[in-house]
**Student:** 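The following block contains the structure, expressed as structure tokens.
Quick note on labels: first sequence line is chain A, next is B, and so on, each numbered from 1. As the structure is a prediction and not an experimental result, all values here were calculated from the model.
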Amino acid sequence: MWAYVVRRCLMGVVLILAMTLVTFTLFFATPIDAARYACGKNCSEEQRDITRAALGYDKPVVEQWAGFIKGLFAGRDFPLDEAQREAAPEQVTHCAAPCLGFSNFNAKTINEMVSEALPVTISLSVVALVLWLIGGVLFGILAAMRQGSFLDRGIVGATLVIYAFPSFAIAVFLLNYVAIKWGVFPYPKYTQIADGGVVEWFGNLLLPALTLALLFLAGYVRMTRAFVLESLTEDYIRTANAKGLQRKKVVFKHALRAALTPLVTMAGLDFATLLGGAIITERVFNYPGLGLLTIQANAAFDLPVLVAVVLIAGSFVILANIVVDVLYAYIDPRVRVG
Amino acid sequence: MFELSETPGDGQMSKAPGDNAFLSVRDLKVHFSTSDGIVKATDGLTFELERGKTLGIVGESGSGKSVSSSAIMGLHRGTNAILGGEILLEGVDLLKVSDEEMRKRRGREVAMIFQDPLSAMHPYYTVGNQIMEAYQVHNDVTKREARKRAIEMLDRVGIPQPDRRVDDYPHQFSGGMRQRAMIAMGLINNPSLLIADEPTTALDVTVQAQILDLLQDLQRDFDAAVIIITHDLGVVAEMADDVLVMYAGRAVEYGPCKEILTHPQMPYTWGLLSSVPDLTASTEAKLLPIRGNPPSLLNPLPGCAFEPRCDHVAKVGGDLCRTTLPDLTPATSGGNHTKRCHIKNADEVYEAEILPEIAPDLVED
């Protein structure tokens, strides 16, 4: 088992490195002058050359990539040009490993920016995951147990209608009506647990997390419904009934347990995708997470930030795949090795 | 079935036979309403069973064996099945009790063992967990007590090292062990009626014999009534006291096991006997399958359901077989043996035409 986990993790690292190479090549192969954007408007030819050297854009792409990888493992000092560092040692910024790069646009290391944005996105994703899993599984079971009834059709129909709305529509509706016009919730503003406590943190997260949860809800309701219905036809359900088990126990202990396996897989991967930043939701609610960071970096053509975001998002997906595979062994005893 | 009354008659009406039978199924109907019409999976099934006795129900797939036994377990509740008739267990009609009452009886008074133990056990829970669950649902005991009881039962059904194997998952058991564990699960509450639905079909032959022996042993210990559903006449010959042959949802022959196996009076039973391979016969000998397929239960024929496959229709004469469903009538050999067939001299036909083909050596005697 552990050998398997280690092997998977090593493969994951290789995958991540390959991913950085691809993103590097893609971004820096575009016919734009990265240094011009990094330097900003009204930037003279000289300043631009200085910026270019400071960020290493004067080097070939492969060399830049090698520098980036080195930074990931050993850290780096900006500006990258040694002459510039010696000329103005007070302006040198150290970026400790794992260094994701330096945003000239924000005059900050990307690690700093990410460490501010990531907790927001993680909070948002976790609350959304909890909401959609609870909602999806509960409504799914309810629909399955009343298969063919109005309740069943109502649940499946309603979630599909919600699913049909684009996320910005739901986000704008929740923000404009539920929060602003009806005042059911205060205007959501991200608060750290350290600042306002868990209740305030959660209260502020509820609306944006609900937006995300509603998007996934329809899928999870339908999946849970289908998996529970499928497992209810299995022979072991008949055995459970023949033992005289209560209906509740038959459904929740026996049928749901079997339906959980595919649900965990889906939830793990969807959660990982969300961790890469919920661009639209974060934008509408103005939540300073990875999604908003991505939009801002994109608008400013802040390439190092985009590379870092892609790397983080990709790493989450790779990590989630490993976690899901390991979880499988815990859920399904037949998968366990040895 | 008539037994001598211990108290001498004092002029009162004696009870009709069967009134005090342990299990008495009368005119049981299990119909399923489908979009194509009503499927009569079981239609008018009547039989009786005493404690300590075994009834073998034999028939092809789709003849209504499993559906009938599921009805006794009350497993059709909450489905679209339409049930009729009576299932009296110690005088209580199981079709009339509430769902909750039936649930409490299920697993405690009536238990069932299923055909394929691999799919009949939950793959994600340990064998012990599943056996304990069966005990805990009917007994207010701690987990530790339930576990102790589960280990006892595993030991009783012959699982080696039960205290260790109790924590294994079903896939870690062999086929025979899984069926033993299923039996342990079925018997953990000392049920008075055990239904075994093709308990040996999924097992290899050597293990089959062990499982049958085990079932017989346990039946003796627990004094349970056993219904064994099978299509294997060998199993019936070994286990059953009474035999009920089913065809197209109805009983076509019913009586003591020995009677049925030695003097069968219904062409379908003859067909079943002819389909059993004879180990001592020459390898050239042909098996004699019953031609054709089981009929649709959706639009039953007006006459005998077996008529389209029967080789003996000519012996009845006229259109009788095609137009009139024969009643279950006492067989010519007498006793408690009943059959559903128009042939008058079935005994003679069997001895003259069927026996020489399936067991020539018996004829010479």
**Student:** Any donor and acceptor pair, going by atom type alone, linking the side chain of Ser69(B) with main-chain N or O of Ser66(B) inside 3.5 Å?
**Tutor:** yes
**Student:** Can you tell me which of Gly244(A), Ser231(A), Ala240(A) forms the most heavy-atom pairs within a distance under 4.5 Å of chain B?
**Tutor:** Gly244(A)
**Student:** Should the pair His76(B) and Phe32(B) be assigned to parallel (<30°), tilted (30 to 60°) or perpendicular (>60°) ring geometry?
**Tutor:** perpendicular
**Student:** Checking an interface table here. Which of residues 177-189 of chain B come within a heavy-atom distance under 4.5 Å of chain A?
**Tutor:** Met182(B), Met185(B)
**Student:** Can a salt bridge be assigned to the pair Lys253(A) and Glu133(B) using a cut-off of 4.0 Å between side-chain N and carboxylate O?
**Tutor:** yes
**Student:** Please classify the contact between Ala134(B) and chain A as side chain, backbone, both or neither, with a heavy-atom cut-off of under 4.5 Å.
**Tutor:** both
**Student:** Between Tyr125(B) and His254(A), what is the ring plane arrangement, given parallel below 30°, perpendicular above 60°, and tilted in between?
**Tutor:** tilted
**Student:** Under a 4.5 Å heavy-atom cut-off, does chain A meet the side chain of Met121(B), its backbone, both or neither?
**Tutor:**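 Backbone only.
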**Student:** What part of Glu100(B) gets within 4.5 angstrom of chain A, counting heavy atoms only: side chain, backbone, both, or neither?
**Tutor:**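 Contact with chain A is absent: no heavy atom of Glu100(B) under 4.5 Å.
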**Student:** Under 4.5 Å, heavy atom to heavy atom: which of residues 138-169 of chain B reach chain A? Give them by number, or say none.
**Tutor:** His138(B), Tyr169(B)
**Student:** Quick one: sort the Tyr236(A) and His122(B) rings into parallel, tilted or perpendicular, breaks at 30° and 60°.
**Tutor:** tilted
**Student:** Does Glu60(B) come within less than 4.0 Å of Lys65(B), counting only side-chain N to carboxylate O?
**Tutor:** no
**Student:** Test your reading of the model: is there a side-chain donor-acceptor pair from Asp93(B) to the backbone of Ile87(B), 3.5 Å cut-off?
**Tutor:**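 Yes; at least one donor-acceptor contact below 3.5 Å.
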**Student:** Any ion pair linking Arg146(A) and Asp152(A) (charged N to carboxylate O, less than 4.0 Å)?
**Tutor:** no
**Student:** For Thr200(B) and Leu203(B), indicate whether the former's side chain and the latter's backbone hold a donor-acceptor pair under 3.5 Å.
**Tutor:**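 Checked: no pair found.
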**Student:** Between Asp197(B) and Phe114(B), is there a donor-acceptor pair closer than 3.5 Å when you use the side chain of the first and the backbone of the second?
**Tutor:** no
**Student:** Is there a donor-acceptor contact under 3.5 Å from the side chain of Arg106(B) to the main chain of Met73(B)?
**Tutor:**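 Confirmed, Arg106(B) side chain pairs with Met73(B) backbone.
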